[in-house]
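Note sheet for the following structure.
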Amino acid sequence: MWYKKHTFFDKQDGLKEIPNSHYFSRLLTEEEIQLFPDIKKLYPEFLENRKLSIPTGLTLTTELQELLEYSNGGGIINGDREFGYFSLQDIRYYYFAYGFPKWAPNFLPIAFNGGGKFYAYDFRDLKEIKIVAVGSGDLDYESSVIIGATLDEVLAKKTNIEDELNKLYPEIKLNEKELRKIEIKQELIRLKNDKVGGLVDLKTYLKKKNELEKELKEMNI
């Protein structure tokens, strides 16, 4: 398989069951509404009338399916290129939790570079699907850059994908407040994952979650 030539720094159990073809494009379930942070703020139209436009072309590509069957979530590294890729369930989680349906619905996030930049499939042209890099805090088609046509091609390069983004889009220095906002959102994601994994009890989860959300709200005033 194509992935065997690459170096893994994180290996998980392989995916045992392949989902149906509409796994990524189906609407939010009641369980997901409870688990995903900021759902009410991100998708009020869905909570009110169950309407949310999600492209039907989002699919599990053959190369990604092969990778997930080997390790359902994990990490590959090549020089400065880090590819911390998501499990099947987390792909769907990041798609909704970061607001892709609102700002870049045809992008399907599959990995982080270790510095807040997504690797994502671009499904705008189903006949020629590309892999792009896009910032988690700047989700927009125009703020993305094509980094390859296949995972094998993308992971054969040794540069950080931030370098490719910076060639077209010079890095904007964030102030302390903006950096803290990103940290809070990442803390909320880790907290949610710890709760799902049974690492924190419900009381601790709710207390910490409320504290973080309160801090985030005060920063937006």
Side-chain angles (χ1 to χ4, degrees), residues 23-28 32 36-47 51-61 64 80-86 90-151 153-155 157 159-189 192 216-217 219-220:
Y23 177 77
F24 294 125
S25 58
R26 63 180 171 83
L27 291 177
L28 288 161
E32 288 172 331
F36 293 172
D38 296 328
I39 284 296
K40 293 182 179 180
K41 295 178 182 178
L42 281 171
Y43 313 111
E45 68 277 19
F46 176 72
L47 295 177
K51 289 185 178 180
L52 186 63
S53 179
I54 305 173
T56 58
L58 304 180
T59 59
L60 181 63
T61 66
L64 183 58
D80 291 330
R81 180 150 300 195
E82 183 176 333
F83 182 74
Y85 69 96
F86 313 138
D90 281 344
I91 291 173
R92 184 169 162 82
Y93 168 73
Y94 280 107
Y95 181 76
F96 285 104
Y98 273 80
F100 279 88
K102 294 182 74 72
W103 299 301
N106 286 290
F107 282 179
L108 186 67
I110 58 173
F112 266 136
N113 76 324
K117 302 297 186 294
F118 279 113
Y119 294 80
Y121 280 114
D122 181 352
F123 285 98
R124 285 178 292 177
D125 183 353
L126 297 179
K127 294 182 179 179
E128 194 172 359
I129 298 169
K130 299 293 186 181
I131 299 171
V132 300
V134 64
S136 59
D138 188 21
L139 290 182
D140 184 88
Y141 294 135
E142 294 183 357
S143 298
S144 67
V145 61
I146 296 173
I147 55 176
T150 68
L151 288 176
E153 174 191 349
V154 168
L155 297 175
K157 300 174 184 178
T159 58
N160 192 319
I161 60 173
E162 292 186 18
D163 295 340
E164 298 188 42
L165 280 169
N166 290 338
K167 289 178 183 177
L168 295 178
Y169 310 102
E171 183 180 1
I172 300 174
K173 296 295 183 180
L174 300 178
N175 59 39
E176 291 185 6
K177 183 177 179 180
E178 291 168 330
L179 289 171
R180 180 54 186 157
K181 285 183 179 180
I182 293 174
E183 289 178 354
I184 291 173
K185 291 180 179 179
Q186 292 174 339
E187 287 182 46
L188 285 167
I189 290 171
K192 175 263 177 183
L216 188 60
K217 182 179 180 179
M219 295 176 74
N220 290 326

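- No side-chain heavy atom of T61 sits less than 4.5 Å from a side-chain heavy atom of L151.
- From E183, atom CD reaches atom CZ of R180 across 5.5 Å, with rounding to the nearest 0.5 Å.
- The 12-atom threshold is not exceeded at CD1 of I146, counting heavy atoms of other residues, nucleotides or ligands nearer than 6.0 Å.
- Under the side chain to side chain contact (heavy atoms under 4.5 Å, CB included) rule, F112 has a single partner from Y119, Y94, Y85, which is Y94.
- Atoms CG and CD, from L216 and E187 in turn, are 10.5 Å apart once rounded to the nearest 0.5 Å.
- In this structure, I131 and V154 approach most closely via the heavy-atom pair CD1-CG2, 3.9 Å.
- Under a 3.5 Å cut-off, the side chain of Y23 and the backbone N or O of R92 do not form any donor-acceptor pair.
- D90 contributes no side-chain N or O that, together with a main-chain N or O of Y93, makes up a donor-acceptor pair within less than 3.5 Å.
- With rounding to the nearest 0.5 Å, the separation of CG in N113 from CD1 in I161 is 4.5 Å.
- Put simply, OH on Y95 and CD1 on I54 are 5.5 Å apart, with the number rounded to the nearest 0.5 Å.
- Residues G148 and E153 come closest through the heavy atom pair CA-OE2, 3.6 Å.
- At least one side-chain heavy atom of V132 sits less than 4.5 Å from a side-chain heavy atom of F107.
- Screening D122, L165, V134 for a side chain to side chain contact (heavy atoms under 4.5 Å, CB included) involving S144 leaves a single residue, V134.
- Smallest separation of non-hydrogen atoms from Y141 and A104: OH-C, 3.5 Å.
- Summarising the geometry, atom CH2 belonging to W103 is positioned 7.0 Å from atom CG belonging to L139; distances are rounded to the nearest 0.5 Å.
- Here the shortest heavy-atom pairing between T159 and E164 reads OG1-OE2, 4.0 Å.
- Contact of the F123 side chain with the I129 side chain is registered, since non-hydrogen atoms from C-beta on lie closer than 4.5 Å.
- Summarising the geometry of P55 relative to S25, their closest heavy-atom pair is O-CB, 3.2 Å, with the distance given to 0.1 Å.
- Here NZ of K130 is found 9.5 Å from OG1 of T150. Values are rounded to the nearest 0.5 Å.
- Taking the six-membered ring for Trp and the full ring otherwise, F118 and F100 have centroids separated by under 6.0 Å.
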